[in-house]
Amino acid sequence: MNKGIFWLCIVVVILLIVALYTGIFSFLIYLLSIIPILNITIYNWPSVFTFSLCIIIWIIPYELIGFLQDIPGKNKYLIKLFSLISTLLNLSLFTLYILFLDHRFIGLSFSKVGIICLIIITIALSKIINIAGTKLKDAEENNNNI
């Protein structure tokens with residue numbers, strides 16, 4: 001297989017994954033906007049898609065902060081402390097990032113309750129994906145050892 005075609009296939013797969021997650025987060029924002037108490041108003045759809053894409057871009061700092069959890073050490077309490085600190089840092093920076101994005105997009109309006117629900121659901125969704133990925137990785141390692 002030609003190297004150019006291989007890299008083209010990789011780029012297409014990455015774009016499809018980004019499009020899938022952008023659609024998922026856009027649909028999530030739409031579903032949250034249906035709930036009247038959350039008071040989320042959608043003025044135009046390109047803002048929703050761009051906001052969702054910006055949420056997906058958070059994967060880069062999420063992974064960089066996640067490297068704090070991989071610090072080797074002998075003391076299990078120190079390892080748990082680093083894990084807790086990196087999780088708290090990740091959650092606080094993600095919340096600030098979403099609040100920053102909320103003020104940048106004029107085609108999408110969140111109330112305080114709406115933005116809190118979006119943050120909680122996004123964090124829960126990312127944790128579910130992370131746990132599922134860990135289980136798949138462990139299952140794959142167990143199959144390779146047999």
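- Grouping Ile, Leu, Val, Met, Phe, Trp and Tyr by side-chain contacts under 4.5 Å, direct or through others, leaves Tyr77 on its own.
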Taking distance alone, no hydrogens or angles, what donor-acceptor pairs closer than 3.5 Å link side-chain atoms of residues 106-122 to residues at least two apart or in another chain?
from: Ser111; atom 1: OG; to: Leu38; atom 2: O; distance (Å): 2.3
from: Ser111; atom 1: OG; to: Gly114; atom 2: N; distance (Å): 3.2
from: Thr122; atom 1: OG1; to: Leu118; atom 2: O; distance (Å): 2.7

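- Ser52 and Thr22 are not linked by any side-chain donor-acceptor pair at a separation below 3.5 angstrom, with hydrogens and angles left out of the test.
- With sequence neighbours excluded, the residues forming a side-chain contact (heavy atoms from CB on, under 4.5 Å) with Leu16 are Val12, listed by chain and number.
- Partners of Thr50 by side chain to side chain donor-acceptor pair (under 3.5 Å), not counting sequence neighbours: none found.
- Clustering ILVMFWY residues whenever any of their side-chain heavy atoms sit less than 4.5 angstrom apart, transitively, puts Val13 in the very cluster that holds Ile56.
- Considering NZ of Lys127 and OG1 of Thr134, their distance stands at 9.0 Å, rounded to 0.5 Å.
- The distance from atom CG of Asn90 to atom CD1 of Ile123, rounded to the nearest 0.5 Å, is 8.5 Å.
- Hydrophobic clustering, defined by side-chain heavy atoms of Ile, Leu, Val, Met, Phe, Trp and Tyr closer than 4.5 Å, groups Leu15 together with Val11.
- The hydrophobic cluster analysis finds Ile128 isolated: no Ile, Leu, Val, Met, Phe, Trp or Tyr side chain comes under 4.5 Å of it, directly or through other members.
- Listed by chain and number, the residues in a side chain to side chain donor-acceptor pair (under 3.5 Å) with Asp102 amount to none (sequence neighbours excluded).
- Of the inter-residue distances, the one linking Glu141 atom CD with Asn143 atom CG reads 10.5 Å to the nearest 0.5 angstrom.
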Residues 92-100, side-chain donor-acceptor partners within the protein, below 3.5 Å, at least two apart:
from: Ser92; atom 1: OG; to: Leu88; atom 2: O; distance (Å): 3.0
from: Ser92; atom 1: OG; to: Leu89; atom 2: O; distance (Å): 3.0
from: Thr95; atom 1: OG1; to: Leu91; atom 2: O; distance (Å): 2.8
from: Tyr97; atom 1: OH; to: Cys54; atom 2: O; distance (Å): 2.8

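- With contacts defined as side-chain heavy-atom distances shorter than 4.5 Å, the pair Asn2/Phe6 does not qualify.
- Residues that satisfy the side chain to side chain donor-acceptor pair (under 3.5 Å) test with Ser47, not counting sequence neighbours, are Asn44.
- Listed by first and then second residue, the ring-ring contact (aromatic ring centres under 6.0 Å, His included) pairs that reach into residues 13-35 are Tyr30-Trp45, sequence neighbours excluded.
- Under the 4.5 Å side-chain heavy-atom criterion for ILVMFWY residues, a single connected hydrophobic cluster contains both Ile34 and Leu32.
- The closest side-chain heavy-atom distance from Ser33 to Thr41 is not below 4.5 Å.
- For Phe49, the ring pair (Phe, Tyr, Trp, His ring centres under 6.0 Å) criterion is met by no residue, not counting sequence neighbours.
- Hydrophobic clustering keeps Tyr43 apart from Ile35 (ILVMFWY residues linked when any side-chain heavy atoms are closer than 4.5 Å, directly or through intermediates).
- Placement of Leu136 and Leu125 in two distinct hydrophobic clusters is found when ILVMFWY residues are connected by side-chain heavy-atom separations under 4.5 Å, directly or transitively.
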